[in-house]
S.K.: 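After the structure tokens below, expect a handful of questions from me.
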Amino acid sequence: MNYQWYPGHMTKAKRMMQENMSLIDLVIELVDARIPLSSRNPDIDELGKNKYRLILLNKSDLADETANRLWIDYFKAKGFHVLEINAKTGQGLRFIQGIVREACKEKIERDRRRGIKNRPIRAIVVGIPNVGKSTFINSFAGKACTKTGNKPGVTKGKQWIRMNKELELLDTPGILWPKFESEEVGRNLALIGSMNDEILQMTELAADLIAFLLKHYKEALAARYGVEDMDGLETPLLVLSHICENRKCYKKGQMADYEKAASIVMDDFRSGRIGRITLELPE
Ligand code: G4P
């Protein structure tokens, strides 16, 4: 399958990020906990060099708990500060302030030594489309905090959300573009719904997902689709045709409607109904 990507506004996005970078101390990078590497753009390491870094494993509610822990260790070993969160419910967000303080302690200490008081850490939220940036900013900022704009030292037009006296967030998140380094990365992004579904062949995608689930999450798959014994259902196509029967997906003339079964599987997966599933693990 050819995994197409967004139209060409990515250069503009990169330029905006470069401009914003000069204003900030801390990069808060959201990744999707189900595909923490495929949902990153490694260019952020270049863009965000010399900045403090925090990686948030978002949508951790949809990902495998054991895998979340492995990914936290992985990113920590690479020198990042890292936290798993659910931006939608706000789970994990209460730990952020402490981690930010820890991540930026050098600067805080330097300011203190120079007698600079009340200079908040300035942060930008970045990540690929649909990773949860706006949801995060809204939940994290809540309703309590105030927007600050056009203060001295703030580039005209930039809006900062004052979280508290220690932290300000740029209100527009930075959009990163996924990197299609391999077919697997493209497939992972397509599976979590980070691409325009209209350009995808859903049946093929669902078959790929089922093949993965048969290998790594067989019980969850069996439980969801009412198959006691998966032993007879060894190929994705057999599983799909079982789902057609089970969910009464038929076209006219009792023909199995594989497209419909495929979209059921994809919907179930993306909303966590098959269970908490992680598609890639650290090497
Ligand atoms: P973006 O700014 O990075 O483009 O992403 P955005 O916040 O718009 O979030 C994209 C989708 O991901 C939204 O769903 C949002 O609710 C969902 N989401 C964000 N964080 C989490 C999380 O931690 N867990 C889960 N399960 N979902 C999350 P949507 O379907 O577009 O909207 P809605 O139906 O949820 O309102």
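First listed ligand is number 1; within each ligand, the first listed atom is number 1.
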S.K.: Any ion pair linking Arg122 and Asp25 (charged N to carboxylate O, less than 4.0 Å)?
M.R.: no
S.K.: side-chain contact (heavy atoms from CB on, under 4.5 Å) with Met202: which of Lys260, Met266, Glu259?
M.R.: Met266
S.K.: Can you list, by chain and residue number, every protein residue with a non-hydrogen atom closer than 4.0 Å to ligand 1?
M.R.: Asn58, Lys59, Asp61, Leu62, Asn86, Ala87, Lys88, Ile128, Pro129, Asn130, Val131, Gly132, Lys133, Ser134, Thr135
S.K.: Any idea which heavy atoms bring Met195 and Leu189 closest together, and the distance?
M.R.: CE-CB, 3.7 Å
S.K.: Please tabulate, for the side chains in residues 46-57, all donor-acceptor contacts under 3.5 angstrom to protein atoms that are two or more places apart in sequence or on a different chain.
M.R.:
| from | atom 1 | to | atom 2 | distance (Å) |
| --- | --- | --- | --- | --- |
| Glu46 | OE2 | Lys49 | NZ | 2.8 |
| Lys51 | NZ | Met21 | O | 2.9 |
| Lys51 | NZ | Ile24 | O | 2.9 |
| Tyr52 | OH | Lys107 | N | 3.2 |
| Arg53 | NH1 | Asp45 | OD1 | 3.2 |
| Arg53 | NH2 | Glu29 | OE1 | 3.2 |
| Arg53 | NH2 | Asp45 | OD1 | 3.0 |

S.K.: Under 3.5 Å, sequence neighbours excluded: what are the donor-acceptor pairs made by side chains of residues 62-74?
M.R.:
| from | atom 1 | to | atom 2 | distance (Å) |
| --- | --- | --- | --- | --- |
| Asp64 | OD1 | Thr66 | N | 3.1 |
| Asp64 | OD2 | Tyr217 | OH | 2.7 |
| Asn68 | ND2 | Ser60 | O | 3.3 |
| Asn68 | ND2 | Glu84 | OE1 | 3.3 |
| Trp71 | NE1 | Glu280 | O | 2.9 |

S.K.: Could you tell me which residues satisfy ring-ring contact (aromatic ring centres under 6.0 Å, His included) with Phe269, sequence neighbours excluded, listed by chain and number?
M.R.: none
